[in-house]
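These notes are about the structure you will find just below.
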Amino acid sequence: MRNRLRLVHTSSIRSCACKNLNVKKEGKMKTFSITDGEVVKWNMGISEHMRSGRLESARRLFEAMPRRTSVSWNAMISGYLMNERFGDARQMFDAMPERDLVSWNITLSGYVKNRKLGDARKLFDEMPEKDVVSWNTMLSGYSQSGFLDEAREIFDRTPRKNSISWNGMLAAYVQNGRIELARKLFESKFDWEKVSWNAMMAGYVRKQRLVDARMVFNRMPERDEVSWNTMITGYAQNGNMLEAQKLFQESPIRDVFTWTAMVSGYVQNGMLVEARKTFDEMPQKTAVSWNAMIKGYTLCKKMDMAKELFDAMSCRNTSSWNTMITGYAQNGDIDRARSMFNEMPQRDSISWAAIIAGYAQCGYSEEALHLFIEMKRDGERMNRSTFTCALSTCADIAALEFGKQVHGRLVKAGYEMGCYVGNALLAMYCKCGSIEEAYDAFEGLSEKDLVSWNTMLMGYAKHGFGREALKVFDLMRMKNIKPDDVTMVGVLSACSHAGLVDRGTEYFHSMEREYGVIVNHQHYTCMIDLLGRAGRLEEAEALMRSMPFEPDAATWGALLGASRIHGNTKLGEEAAERIFEMEPDNSGMYVLLSNLYAASGRWGDVKRMRGTMWDKGVKKVPGYSWIEVKNKVHTFSVGDSAHPDKERIYAFLEELDQRMKKEGYVSATKMVLHDVEEEEKEHMLKYHSEKLAVAFGILNVPPGRPIRVIKNLRVCEDCHNAIKCISKIAGRTIILRDSTRFHHFNRGLCSCGDYW
DNA sequence: GTAGGGTTAG
């Protein structure tokens, strides 16, 4: 009886179609006799066990039942789904003697939650009848995976749409960042429910269109806590704490969400005192608010305070641990981060992402990738963020093979290449030196935002493919995508790499008028680089002197680079002096300057430079190179003797050296071009880390495939010449990523055009 | 027992 009442109650607030279903059910229930009440109790027992994760007890109860109704079966199925036991759920569904519509719907929603869209659609098509819940579930499935066309098709075909269907379509657009489509849909209809007004507003907030969000907020017929909180959060997270405070005061209802939004807003805007004051004033605190406060302390590097709060909180949850792990890692204390990770009672995917990103950011990339493998062993499933994190770690150390495997798993997991993860994938291929695959990834993006375009454009520019970069820019303009300052840096450096001086100059002068991008420091630096590279040193210098900013180290660096190439020692000297003033510890600049002296035969000055470095205690960053072969990263330093294959490598280098001499290659040893790596003896030039890595690559990478080497510093000139020559002799493509850009060596030439 | 909006951690 109780069950019946509940059914009637739910149906009264649900749709017509639902009501029909329940009427049918009531009919069925009438045929039951006195034991109906008992069955209901059994069913409730099953649900309760399932809710608290006692799957076996639920199962025993289910099997012991003298008589089962479809509700019993459904309770088992949904219980399994709740506990992510998808296989067991499906088995139950298959074993059911008589399925009702709810069983179908529950199973369908199970597939959707499991992101098995193909299976969901198959089941959906097989359904003997569908109600509005079935249609809405399918819609939400497509929406969650970003398949907007399919979602729209389902929506259009839904026979008796209710408010949830409409809201589902609206949310599909909003959550996938298609705010204009959402707006269009929203304006096509007037009787939206509060939920949808809130969703539309949240959509604008997400796009940082606070004025539009506020307009929705002002226009909506009635507001609830969610409306107020969304608006307050919008202001708080976009740095407008004043407006947030104003609304907070005005708000008729303040719940935990409101208070937490304020605390976290203060934290994000670096207003620690205000954050703490609000935190202390909160009528009740949840774990979320504690965590926000802890985050505040970690951001201000007050790890002691963070730890104090963490120790004091009684409602500590996994997020609290995760916040602390990130805090320690970002403050450089990876050991404490790791021990917290080890100590914590329960880890989730975010804990893994936090510790992995921590290792990666502290420079332990290999340990980071190692943890991915451990994570898989631990049974933790990859999600969007672990995927993103894995990809950016691969990008850092240019672990292309590993990155490709992650890509494969990403596809297999059925993730749509939305902006966040898609851009990480794109960046991974760019930074791993595989520009073709980067372009494939770019084309495969389901949604391109400005970051995607900029990444692709910069990718081409850094690889020395200036013309391709400019093609991307043309495409952007064709699609009416408004470039920003980053885009223009890409465009100018592309022009520079392609030697398109006039076109670059034109862009530089028209960017404010044409694209509304204010010229900044970086743009000037690009222009100086562009002119300098083309040998127009006076113009470059004049531009620098006329620019409305104080030149910084990067600006002088561009001039220094140009002076080196074109042998203008005097200008180079001045540039170097200025850089030393600004960045006394920049060892790369000392090296660049001593190269400049060496190039013009001023050996005394070379020696003096070395002395200065010694006096000032400037430490050279040790140079090393690495290469990934068969999923393993091999690292080399100058004159490396640690690698197990060293004898083969050195023998092969010797052989290459002989052949190079025949080709007319002259070792640059006399020039003392120890660009980046200090060596005791000049013959060590032969064994610079990049050469070792290249030799190892030729020996181990199958012919026909490019050899990809990464170096932490700038490649030295001798190595650059040698690798050009090696690419010709060995008939291999060698792609070298150094600290500033990519070099594609092929048939004795380099994509950088010998200027970098 | 099935479908919808707002707060923290990456």
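Lettering follows sequence order; numbering is per chain, from 1.
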Next item on the list: Using the salt bridge (Lys or Arg N to Asp or Glu O under 4.0 Å) rule, collect all pairs that involve residues 318-333 of chain A, keeping only residues at least two apart or in two chains.
Entry: A:D333-A:R336

Notebook entry, point to check: At under 4.0 Å, does any side-chain N or O of A:Q237 touch on OP1 or OP2 of B:dT8?
Noted result: yes

Notebook entry, point to check: Under a 4.0 Å heavy-atom cut-off, which of residues 309-321 of chain A touch DNA chain B?
Noted result: A:S319

Notebook entry, point to check: Would you say the ring centroid of A:W259 lies under 6.0 angstrom from that of A:F248?
Noted result: yes

Note to self: Taking atom types as they are modelled, would you say the side chain of A:E193 forms a donor-acceptor pair with the base of B:dG5 within the 3.5 Å cutoff?
What the structure shows: no

Notebook entry, point to check: Atom CZ of A:F93 to atom C1' of B:dT2: distance rounded to whole Å?
Noted result: 12 Å

Checklist line | Below 4.0 Å: OP1/OP2 of B:dA3 and any side-chain N or O of A:K113 | finding: yes

Note to self: So if I take residues 323-330 of chain A and measure heavy-atom distances to DNA chain B, which residues fall below 4.0 Å?
What the structure shows: A:T323, A:T326

Note to self: Ring centres within less than 5.5 Å and planes less than 30° apart: is that true of A:W197 and B:dG5 in this structure?
What the structure shows: no

Next item on the list: Not counting sequence neighbours, which residues clear side-chain hydrogen bond (donor to acceptor under 3.5 Å, both in side chains) with A:E63? List them please.
Entry: A:R59

Notebook entry, point to check: Which whole-number value in Å describes the distance from A:N162 CG to B:dG5 P?
Noted result: 14 Å

Checklist line | Between B:dG5 (P) and A:R223 (CZ): distance, integer Å | finding: 21 Å

Notebook entry, point to check: Rounded to whole angstroms, how far apart are CE on A:M293 and C1' on B:dT8?
Noted result: 13 Å

Margin query: Looking at A:N136 and B:dG4, is any side-chain donor or acceptor paired with a base atom of the opposite kind under 3.5 Å?
Written below: no

Notebook entry, point to check: Between B:dT8 atom P and A:M262 atom CE, what is the distance in whole Å?
Noted result: 14 Å

Item checked: From A:N198 atom CG to A:L170 atom CG, the distance as rounded to the nearest 0.5 Å -> 11.0 Å

Next item on the list: Tell me, please, which residues at least two apart from A:R54 pass side-chain hydrogen bond (donor to acceptor under 3.5 Å, both in side chains).
Entry: A:H49, A:S52

Donor-acceptor pairs under 3.5 angstrom involving side-chain atoms of residues 308-315 of chain A: please list them, not counting sequence neighbours.
unit_1	atom_1	unit_2	atom_2	d
A:D311	OD1	A:K307	NZ	3.2
A:D311	OD2	A:K307	NZ	3.1

Margin query: Regarding A:R254 and A:E225, does a basic nitrogen lie under 4.0 Å from an acidic carboxylate oxygen?
Written below: no

Next item on the list: Measure from CG on A:D224 to P on B:dT7 and round the result to the nearest Å.
Entry: 13 Å

Check: Over how many whole Å does the gap from A:N105 atom CG to B:dA3 atom C1' extend?
Finding: 8 Å

Next item on the list: Mind checking the OG1-NZ spacing from A:T137 to A:K130? Nearest 0.5 Å is all I need.
Entry: 12.0 Å

Check: Looking only at side chains, do A:Y266 and A:R276 share a donor and an acceptor under 3.5 Å apart?
Finding: no

Notebook entry, point to check: Could you give the CG-to-C1' distance, from A:L210 to B:dG6, as a whole number of Å?
Noted result: 15 Å

Note to self: B:dG5, OP1 or OP2 - any side-chain N/O from A:Q175 closer than 4.0 Å?
What the structure shows: yes

